[in-house]
Amino acid sequence: MKFDCGLHSCNKVCHSGDCGPCIFSLPRSCPCGKTKSVTDCSAEISPCGNTCEKPVCPLHFCQEPCHPGDCGPCTESMKKTCPCGAKTKPLPCSKVFTCDSKCKSQRNCGRHPCNKRCCAGTCPPCDQICSRVLNCRNHKCDSLCHAGPCYPCTQVVEVLCACGRTKVAVPCGKQRSTKPPKCNLACEIPPECHHPSRTPHSCHFGRCPPCTQICSILQSCGHHCQARCHSAVEVLVRSDKERPAGPWELKNSPDLEIHEYPCPPCEQLVRMPCLGGHDETPMKCCESRVVSCGRPCARKLECGNHVCQLPCHEVENPEDLEKFDSACDECSSLCTFKKPCGHPCVLACHRGDCPSCPETVRVKCHCGGMTLKFSCGKVARLTQAEKNDVFSCKVQCPALMSCDHPCTQLCHPADQPHSLPADCKKKCPLKCPCGRIREQHQCAKVLAGFKLVCDEECHAQAKSRKEEEETKIRLARELKEKEEALLQEQYDKKKGKKRPRNRYHDEEETPFLKEHWKKIAGVAAVVAVAFIAYIIQTV
């Protein structure tokens with residue numbers, strides 16, 4: 001706030017209350033400070049007229065009368081020695097004395113001389129630029145010249161990947177020891193082989209890996225090469241395993257050259273037909289050739305009846321497996337066709353029908369009693385009517401009619417009916433019922449029902465035979481009773497019983513049995529046979 005004078009302001013710290021009177025209205029000293037007086041705050045204090053005596057230097061005082069403002073420079077004369085101490089000269093006290101001698105001392109950097117004129121021994125710091133090459137070997141130190149090592153380079157450089165699209169910032173000088181950043185972007189180096197693009201792989205340093213794509217070059221055989229790409233193959237010229245001659249030689253890096261190799265032989269499987277066109281065999285394309293399959297040719301020979309038995313051979317038309325080819329074997333077989341008569345053909349194999357059969361055949365006549373000889377071809381040409389006539393032996397047919405006599409016709413075919421029994425003229429023996437009368441009569445008469453009748457003599461013989469049979473039956477019955485009695489007697493003897501014997505009967509019959517025992521045994525045998533036959537017929 002300003003004082004009451006309105007010209008000056010209060011310089012005190014903000015306070016409460018009135019600021020008081022203006023400070024320039026209070027008693028003020030003269031310029032030299034020896035007297036004080038009070039004047040208007042707007043007027044200056046005038047000099048007092050006394051000697052100023054203010055110190056103008058550490059040794060002298062101002063000898064001017066009191067005056068406003070600063071005292072001038074010290075004008076007292078005195079001998080002065082230059083700061084380096086080399087020279088002395090009288091000069092006003094206010095003037096500085098320096099000689100022209102240059103300081104040969106080293107500055108604080110230890111590299112540059114001081115070269116300051118009349119140096120007092122305290123050489124100033126070096127004001128030149130250091131300009132020493134920093135450890136990065138790329139830049140110079142831009143600081144003031146100094147002692148000791150320079151500060152590290154403050155520049156920042158970028159370490160790039162192989163393609164330059166991925167980068168990392170590192171201090172200058174560290175780029176050699178810093179591993180380049182890993183770049184995941186695709187490598188864009190153009191391929192060295194014939195493919196339009198490389199196998200996809202990430203960005204990298206050095207040579208790209210060998211191409212692993214399929215060659216796919218169209219070969220002369222018409223197939224695409226299926227081998228691994230071989231149009232840009234790295235070939236080692238000098239190995240890195242060669243030892244250097246001495247420690248002064250650097251380790252050798254391997255030398256590689258790019259060579260282009262031709263496509264290998266095509267190994268794609270192809271199906272090659274055999275010489276005869278029977279089968280197709282899978283082969284490698286580079287080894288494909290037409291070979292024999294080893295099977296018989298099987299094409300029809302010129303005869304048209306047999307097939308070629310030569311192993312599979314080259315033919316003009318392999319597609320046709322049946323057509324005769326001039327390279328096929330000649331047929332050396334006999335004709336294998338059987339003629340209608342059934343005989344084989346004796347000619348060499350030929351086309352068309354076989355000629356008339358010259359074989360002699362033996363044919364039974366119709367009745368089978370004779371064997372006739374004919375030419376087989378002649379027989380084959382006969383009609384059925386002619387065969388019926390030729391195959392007849394002209395002898396009476398031996399076939400039996402129902403009357404059991406031979407047929408009255410000459411030898412005739414089996415399908416021709418035999419003669420009827422009514423025409424049979426053979427003599428047949430006839431007997432009367434008892435069999436005593438025997439006569440011969442024609443078969444046709446016998447079949448018509450003619451029979452012989454027994455006469456009186458036949459009846460007399462039948463009656464005597466009947467009596468004789470009754471006698472045989474009676475004797476057989478008695479013989480049987482005798483045998484039963486004998487068996488009963490033997491049984492009783494075994495049981496201990498004695499049966500009374502009829503001594504009269506035994507004495508009476510013994511001579512009769514001894515005389516007629518043979519007849520009795522025959523009658524018994526006949527009766528037994530008749531009885532057995534009856535039983536068989538009944539069953």
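What's counted below: heavy atoms across the whole structure, side chains too, no hydrogens, waters or symmetry copies.
- Side chains of His67 and Cys62 form a contact here, defined as non-hydrogen atoms less than 4.5 Å apart.
- Side-chain atoms of Gln175 come within 3.5 Å of backbone N or O of Gly173 as a donor-acceptor pair.
- When all heavy atoms are compared, the tightest approach of His278 to Cys312 is ND1-SG, 3.5 Å.
- Using a 4.5 Å heavy-atom cutoff, the side chains of Cys229 and His194 are in contact.
- Remark: side-chain polar atoms of Asn135 are not paired, donor with acceptor, to backbone N or O of Pro152 under 3.5 angstrom.
- Listed for the Asp100 side chain is no donor-acceptor partner under 3.5 Å among the backbone atoms of Arg117.
- Although no hydrogens or angles enter the test, the distance criterion places no donor-acceptor pair under 3.5 Å between the side chain of Arg132 and the main chain of Cys141.
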From CA spacing to verdict: side-chain contact (heavy atoms from CB on, under 4.5 Å), Cys84, Cys103: CA-CA 9 Å; Cys84 67; Cys103 180; over 6 Å; no
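- Side-chain contact between Ser77 and Cys93 is absent, with no heavy-atom pair separated by less than 4.5 Å.
- Within the 4.5 Å cutoff, side-chain heavy atoms of Pro124 are placed close to those of Lys116.
- Taken to the nearest 0.5 Å, the CG atom of Leu269 stands 11.5 Å off from the OG1 atom of Thr281.
- The distance from the SG atom of Cys208 to the CD atom of Glu234 is 9.0 Å, given to the nearest 0.5 Å.
- Using a 4.5 Å cut-off on side-chain heavy atoms (C-beta onward), Pro68 and Pro47 make contact.
- Formation of a donor-acceptor pair under 3.5 Å by the Ser292 side chain with backbone atoms of Gly294 is found in this model.
- Here the CD1 atom belonging to Ile217 is positioned 6.5 Å from the SG atom belonging to Cys225, to the nearest 0.5 angstrom.
- Proximity of Cys328 to Leu301: side-chain heavy atoms (C-beta onward) are separated by under 4.5 Å at one or more points.
- Contact detail for Asp325 and Asn317: the closest heavy-atom pair is OD2-N, 4.2 Å.
- Other residues, nucleotides and ligands place more than 12 heavy atoms under 6.0 Å from the CZ atom of Arg271.
- Leu134 and Cys150 get closest at one heavy-atom pair: CD2-CB, 3.6 Å.
- A donor-acceptor contact closer than 3.5 angstrom is absent between the side chains of His224 and Gln226.
- The main-chain N or O of Thr199 is found under 3.5 Å from a side-chain atom of His201 such that the two form a donor-acceptor pair.
- Inter-residue side-chain proximity for Arg198 and His195 is flagged as unmet; no heavy-atom pair is nearer than 4.5 Å.
- The minimum heavy-atom distance linking Cys82 with Thr98 is given by the pair CB-CA, 4.1 Å.
- Without hydrogens or angle criteria, His139 side chain to Val133 main chain gives no donor-acceptor distance under 3.5 Å.
- In this structure, the side chain of Arg299 engages the main chain of Gly276 through a donor-acceptor pair within 3.5 Å.
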Where do Leu218 and His223 land on the side-chain contact (heavy atoms from CB on, under 4.5 Å) test, with the steps shown first? CA-CA 6 Å; Leu218 185 63; His223 298 123; over 6 Å; no
What do the steps show when you test Glu280 against Cys274 for side-chain contact (heavy atoms from CB on, under 4.5 Å), and what is the final call? CA-CA 6 Å; Glu280 291 182 348; Cys274 63; over 6 Å; no
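- When side chains are defined from C-beta on, Met78 counts as touching His60, because their heavy atoms get closer than 4.5 Å.
- The distance from atom SG of Cys145 to atom CD1 of Ile129, rounded to the nearest 0.5 Å, is 9.0 Å.
- The NE2 atom of His230 lies 8.5 Å from the CD atom of Glu260; values are rounded to the nearest 0.5 Å.
- Annotation: salt bridge (charged side-chain N to carboxylate O under 4.0 Å, His left out) contacts involving residues 160-175, sequence neighbours excluded, comprise Glu158-Lys167, Arg165-Glu188.
- Between the side chain of Glu53 and the main chain of Cys32, no donor-acceptor pair closer than 3.5 Å is present.
- Note that NZ of Lys300 is 13.5 Å distant from NZ of Lys323, once rounded to the nearest 0.5 Å.
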Show your working on side-chain contact (heavy atoms from CB on, under 4.5 Å) between Lys54 and Val56 and close with a plain yes or no. CA-CA 6 Å; Lys54 289 181 180 178; Val56 291; 5.7 Å; no
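- Considering only residues two or more places apart in sequence or on other chains, Asp127 meets the side-chain hydrogen bond (donor to acceptor under 3.5 Å, both in side chains) condition with Arg107.
- Under the 3.5 Å distance criterion, the side-chain polar atoms of Arg111 are matched with a main-chain donor or acceptor of Cys130.
- Taking each heavy atom of Lys140 and Ser131 in turn, the nearest pair found is CD-O, 3.5 Å.
- For the pair Cys285 and Ser288, the tightest heavy-atom approach, listed with the atom from each and the gap, is O-OG, 2.8 Å.
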